[in-house]
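Quick notes on the structure that follows.
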Amino acid sequence: MKKAAISGEYAISVDDNGSVSVYKVYDNVKQALREVAELEGFEIDPKWNTRQLGNKLIDFINNK
């Protein structure tokens with residue numbers, strides 16, 4: 001990575017090849033996963049913990 005900066009809830013980075021990425025930093029990971037699940041139409045089991053939810057959501061998105 002060439003350089004990076006954080007501003008509020010955003011992380012900005014520029015890679016060695018010049019590509020720029022912007023990421024949103026969340027204080028509440030589980031809430032962020034719930035937002036992604038809603039966007040993806042993924043149903044959440046309320047019994048899942050953060051690790052279970054994250055893994056199942058990634059599998060769901062990658063197998064669409």
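Index from 1, following the sequence. All values derive from a computational prediction rather than experimental measurement.
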Q. Got a sec, which residues hit ring-ring contact (aromatic ring centres under 6.0 Å, His included) with Tyr26, two or more places apart in sequence or on another chain?
A. none

Q: Decide if atom CD of Glu38 counts as having more than 12 heavy atoms of other residues, nucleotides or ligands within a radius under 6.0 Å.
A: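 Atom CD in Glu38 is not packed in, count stays at 12 or less.
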
Q. How about Ile6: does its CD1 atom have over 12 heavy atoms from other parts shown lying under 6.0 Å from it?
A.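 Counting other residues, nucleotides and ligands, CD1 of Ile6 stays at 12 neighbours or fewer.
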
Q) What are the two closest non-hydrogen atoms of Glu9 and Lys24, and how far apart are they? A)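 The answer is OE2-CE, 3.0 Å.
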
(Q) Can you give me the closest heavy-atom contact between Tyr23 and Ser13, atom names plus distance? (A) CE1-OG, 4.2 Å

Q: With the side chain counted from C-beta on, respond yes when Ile58 and Asn62 share a heavy-atom pair under 4.5 Å apart, and no when they do not.
A: yes

Q. Taking only residues two or more places apart in sequence, or in another chain, which ones meet Ser19 in a side-chain contact (heavy atoms from CB on, under 4.5 Å)?
A.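 side-chain contact (heavy atoms from CB on, under 4.5 Å) check on Ser19 returns Asp15, Asn17.
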
Using residues 27-37 as the side-chain source, report each donor-acceptor pair under 3.5 Å to any protein atom, sequence neighbours left out, with the distance given to one decimal.
{"from": "Asn28", "atom 1": "OD1", "to": "Lys30", "atom 2": "N", "distance (Å)": "3.2"}
{"from": "Asn28", "atom 1": "OD1", "to": "Gln31", "atom 2": "N", "distance (Å)": "2.9"}
{"from": "Lys30", "atom 1": "NZ", "to": "Trp48", "atom 2": "O", "distance (Å)": "2.8"}

Q. How long is the gap from CD1 on Ile44 to NZ on Lys56, to the nearest 0.5 Å?
A. 12.0 Å

(Q) Applying salt bridge (Lys or Arg N to Asp or Glu O under 4.0 Å), can you list everything that pairs with Glu43, at least two apart in sequence or on another chain? (A) none

Q | Results of side chain to side chain donor-acceptor pair (under 3.5 Å) for Glu40 - residues two or more places apart only | A | Lys64

Q) Under the 4.5 Å side-chain heavy-atom rule for ILVMFWY, direct or indirect, which residues accompany Leu39? A) none

